[in-house]
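Below is one structure, written out as structure tokens, with a few remarks after it.
Within every chain, numbering begins at 1; the chains are lettered A, B, ... in the order of the sequence lines, protein sequences first and strands thereafter. It should be emphasised that the depicted structure is a prediction, and the values quoted were computed from it without experimental measurement. For the numbers below, each heavy atom of this structure counts, side chains included, while hydrogens, waters and symmetry mates do not.
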2 protein chains.
Amino acid sequence: MATTTPAKLGRISRTHYASQLTREDIGFEVVVAGWIEDFRDIGKLGFIMLRDVTGLVQTVLKGEILLKARNIPRQSNVMIAGKVQETKAKNFAVELSVNEITILSEASLTLPIDPTGRVESNLDTRLDSRALDLRNPKVLDIFVLRSGILRIIRDFFSENNFIEVNTPKIIGSASEGGSNLFSFDYFRRKGYLAQSPQLYKEQLVLSLDRVFEIAPYFRAENSHTLRHLNEFYSVDMEAAYLDYTAVMDLVEDLVKRLIVFTKESKRVNVKNPILEPKTFEDLTQKQFPRIRYEDCINELQNLGEEVEFGQDLSDASLKKLGEKFSNFFFIVDWPLDLKPFYIHEKEDDPKMSKSFDLQFGYLELVSGGTRQHDVTKLKSRLELQGLSHESFKDHLRVFEWGMPPHSGCGLGLDRLMMVLSGVNNIRETVLYPRDTTRISP
Amino acid sequence: MATTTPAKLGRISRTHYASQLTREDIGFEVVVAGWIEDFRDIGKLGFIMLRDVTGLVQTVLKGEILLKARNIPRQSNVMIAGKVQETKAKNFAVELSVNEITILSEASLTLPIDPTGRVESNLDTRLDSRALDLRNPKVLDIFVLRSGILRIIRDFFSENNFIEVNTPKIIGSASEGGSNLFSFDYFRRKGYLAQSPQLYKEQLVLSLDRVFEIAPYFRAENSHTLRHLNEFYSVDMEAAYLDYTAVMDLVEDLVKRLIVFTKESKRVNVKNPILEPKTFEDLTQKQFPRIRYEDCINELQNLGEEVEFGQDLSDASLKKLGEKFSNFFFIVDWPLDLKPFYIHEKEDDPKMSKSFDLQFGYLELVSGGTRQHDVTKLKSRLELQGLSHESFKDHLRVFEWGMPPHSGCGLGLDRLMMVLSGVNNIRETVLYPRDTTRISP
């Protein structure tokens, strides 16, 4: 990382991030800034372990400066000027001999959690003090990774000629047959918070051909699990002239690229079985299995599960399938009745649909399909699902303006981050998660 | 643009976007897809002007195919296979001699607006049929530009070591002294929609050093102007160890890069005075003026405006200043009383603040400053503004954990898009704008 804009603060400026210091800097004066993770005092010498967002640097203090340092509470924010020198410490390439230490902000002596991670706290306690929790490298790495993942996803869509769009989060009707929407007073009308950009992204392919959006959505569902939040990030795409198999190809390419990026990002605190050499090679070299819904049912029946063709797959069933197809796999061609009104039927078997889910074990990561673009069929599907044309009139008219055939999908970003960072609670992947019991900080 | 994933649809696949066809393709068979913008019939020959998201292609039809084409309504979506050949048409490099035309979706014979733009409609009518309105190249270009602008902004922040974050849009207390927040029932508690990520982005610099976010925010303000929306996109940044002058440097670099990108993107339908050669050179070569608030007041008084030191600048005053400093200029060092509680005072003049606004004429684009990171001073500022510590307790405690000095700003993306695309109504820059009277489509 290069500091394009130097950190200027009064007389001195940061010149380096911790991770930038190498043996080539030996003999030079540098300035680093961050928080005191640890302080060791051996009498004539003292050692401050200074951490910043990139890593740790060992600094050596003596004389007056050591006296001053003894009074600085740990986790305080300081700027340190010093000379880079050889070190005997095993974990560092170099160390700093400190010439000056500037206290920027003293930390309280009593902190709510230990951000070094030596004393563990439960997740709720950590979330109550999330900003401090982020100083723990295990936590920090997840969010630095998330930032990189967002960049890779957008690059991928740009390369594939998708236009980034921003659709509204406040909507005027409870679309998609949506129960479970938050509602509120919007200038004496009823407004709702969108739970997906589904209708808008479909409308936009009329003219924009291929669109994508990464944005927050909202679900007023009163459930409490390790994989649901009431505010979540979704990666959505929609493309004209593609069918669902082409969308699956895109999704598979993207996910493979993200796995490779995760490995190469070397966020060492992200411990993840999918990055083990053998699994990593399998995942990135082989095609993800694409299993028809019908075959899933047969498989489950063979395994002794009580499940009938036509039923949705329960968590228990998905877990069984997850054990068999351990990592990523698609379930394709679901019964039409199990899918929303906008999904297209299979021409050769109209009770089935051109649809897919991407699973990681029992975790559903992506849902997509070919969309119905024939307005007459759309209307009868709405009726079958007990939905009124009236609440979809703004949407339906777009299909009378020359709507191209199109397909798309939505990917749960927070869930994908669970898989990529190897955690089992979605709250670990979101800075300030929102669930039925948590709305702060 | 390269089609990395070919558009496959049944027997034939799109091979080219309209704008990709060049004289090098002469003699080759290609497939394009899009909508019929125009059809001219001269008896033995017919011409379909086919438009897609990238541009227009002229296609020549005869015989059976011409007979078939006569029955296709304009704006219908079709796929056309043909051979590239020389053309006599002045506006095209080549044309297509059509071998096959596949009707993908017929448009209605009566459309609510004319998407070729020949017959103009007022904005409200266009917004009611936004998806169709986007087929107008003047409209389309704004949103293709917006997609590119988003990419350039994110690249800029990545290069400068900012980490992308996602902060919550549902919040548990009406922070920032916020009146004007939408509120709703959140599992039997009161929830609010965030109007900015201010408190969260400040908290995050405790550990993440430099953060940025581009996201939607919400303001329940009952006003109706050409530059306000009730749902809007904001570009936010916050950085440890920087002061407000360094943030202004960053903002200026970013805006200049966006102006250059807009010019280079050659979206020819984006007509914009700032892209005129002389203005463009001035804007990209010279520093944006940085005018102290005090000097603005003097200037206005000289111009005969009735304005006193200590007053906020009215729209009328900003218009006057905008006439004098025609394009981009900063107003810096505002009186502390005019700024939110989190803005830092000037050490040498504590009634004034380390703050800035970036204006484009009378339009405020960016607001930022150095933040107060001393928790005692923060608390007295809250009290002065009549705000309770209690509603900010989750926020204030973060400042006791070793909070570094920091600065940041928020940029109104939709307003910036007004400037870059040369339109005078913010609704032109948002796909589905939300104001006090509009919540659909």
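Put simply, of B/Asn222, B/Asp185, B/Thr167, the one with the most heavy-atom pairs under 4.5 Å next to chain A is B/Asn222. Between chain B and the residues A/Ala107, A/Gly191, A/Gly34, the largest count of heavy-atom pairs under 4.5 Å involves A/Ala107. No other option in B/Ala239, B/Pro168, B/Gly172, B/Ala220 has as many heavy-atom pairs under 4.5 Å with chain A as B/Pro168. Between chain A and the residues B/Val78, B/Leu132, B/Ile36, the largest count of heavy-atom pairs under 4.5 Å involves B/Leu132. Among B/Leu193, B/Val398, B/Asp52, B/Asp374, the residue with the largest count of heavy-atom pairs under 4.5 Å with chain A is B/Leu193. Looking only at heavy-atom pairs under 4.5 Å with chain A, the residue among B/Val430, B/Val165, B/Asn230 that has the most is B/Asn230. When each of A/His373, A/Gln75, A/Glu164, A/His395 is checked for heavy-atom pairs under 4.5 Å with chain B, A/Glu164 comes out on top. Put simply, of A/Phe184, A/Phe143, A/Phe399, the one with the most heavy-atom pairs under 4.5 Å next to chain B is A/Phe184.
Checked by atom type, the side-chain pair A/Tyr241/B/Asn77 shows a donor-acceptor distance below 3.5 Å. For the 3.5 Å distance criterion, the side chains of B/Arg397 and A/Ser108 fail to qualify, holding no donor opposite an acceptor.
Residue contact with chain A, scored on non-hydrogen atoms closer than 4.5 Å, involves the backbone and the side chain of B/Leu208 alike. Contacts between B/Ala33 and chain A at a heavy-atom distance below 4.5 Å involve backbone atoms as well as side-chain atoms. Of the two parts of B/Pro216, only the side chain, counted from C-beta on, holds a non-hydrogen atom closer than 4.5 Å to a non-hydrogen atom of chain A. Only the side chain of A/Arg146 has a heavy atom closer than 4.5 Å to any heavy atom of chain B. Contacts of B/Asp435 with chain A are made by backbone atoms alone, with heavy-atom separations under 4.5 Å and no side-chain atom involved. Heavy atoms of B/Arg189 lying under 4.5 Å from chain A belong exclusively to its side chain. The parts of B/Ile163 that come within reach of chain A are both its backbone and its side chain, each placing non-hydrogen atoms under 4.5 angstrom from that chain. Both the backbone and the side chain of B/Arg434 come within contact range of chain A, each with at least one heavy atom under 4.5 Å from a heavy atom of that chain. For B/Ser158, the part sitting under 4.5 Å from any heavy atom of chain A is the side chain, from C-beta outward, and nothing else. Only the side chain of B/Phe218 comes within contact range of chain A, with at least one heavy atom under 4.5 Å from a heavy atom of that chain. In this structure, the portion of B/Glu221 lying under 4.5 Å from any heavy atom of chain A is its backbone and not its side chain.
Ring geometry for B/Phe182 versus A/Phe187: interplanar angle over 60°, hence perpendicular rather than tilted (30 to 60°).
Rounded to the nearest 0.5 Å, atoms CZ (A/Phe157) and OG (B/Ser147) are 12.0 Å apart. The distance from the CG atom of B/Asp394 to the OH atom of A/Tyr432 is 9.5 Å, given to the nearest 0.5 Å. Separating the CG atom in A/Leu104 from the NE2 atom in B/His406 is a distance of 12.5 Å, to the nearest 0.5 Å. Separating the CG atom in A/Leu109 from the CD atom in B/Glu400 is a distance of 11.0 Å, to the nearest 0.5 Å. Between the OG atom in B/Ser207 and the CH2 atom in A/Trp35 there is a gap of 5.0 Å [rounded to 0.5 Å]. The structure places OG of B/Ser440 at 12.5 Å from CD1 of A/Ile170, a figure rounded to the nearest 0.5 Å.
Between A/Lys169 and B/Lys169, every side-chain heavy-atom pair lies at or beyond the 4.5 Å cut-off. Two residues are said to be in side-chain contact when any heavy atoms from C-beta on lie closer than 4.5 Å; A/Trp401 and B/Pro112 meet this criterion.
Not counting sequence neighbours, A/Lys190 has no partner by the salt bridge (Lys or Arg N to Asp or Glu O under 4.0 Å) test.
With respect to B/Leu431, the side-chain contact (heavy atoms from CB on, under 4.5 Å) criterion is satisfied by exactly one of A/Asn166, A/Leu204, A/Val211: A/Leu204.
Contact between A/Tyr233 and B/Ala215 at its shortest, heavy atoms only, is OH-CB, 4.3 Å.
Panel note: side chain A/Arg130, backbone B/Gln203; no donor-acceptor pair is recorded below 3.5 Å.
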Exercise for review: Please report the C-alpha distance between A/Arg14 and B/Asp209 in whole Å, then the side-chain angles of each, then the deciding distance to 0.1 Å, and finally whether the salt bridge (charged side-chain N to carboxylate O under 4.0 Å, His left out) criterion is met.
Suggested key: CA-CA 12 Å; A/Arg14 170 166 68 184; B/Asp209 205 274; 2.9 Å; yes
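Annotation: residues 149-156 of chain B contacts chain A through B/Leu150, B/Arg151, B/Arg154 [non-hydrogen atoms, separation under 4.5 Å].
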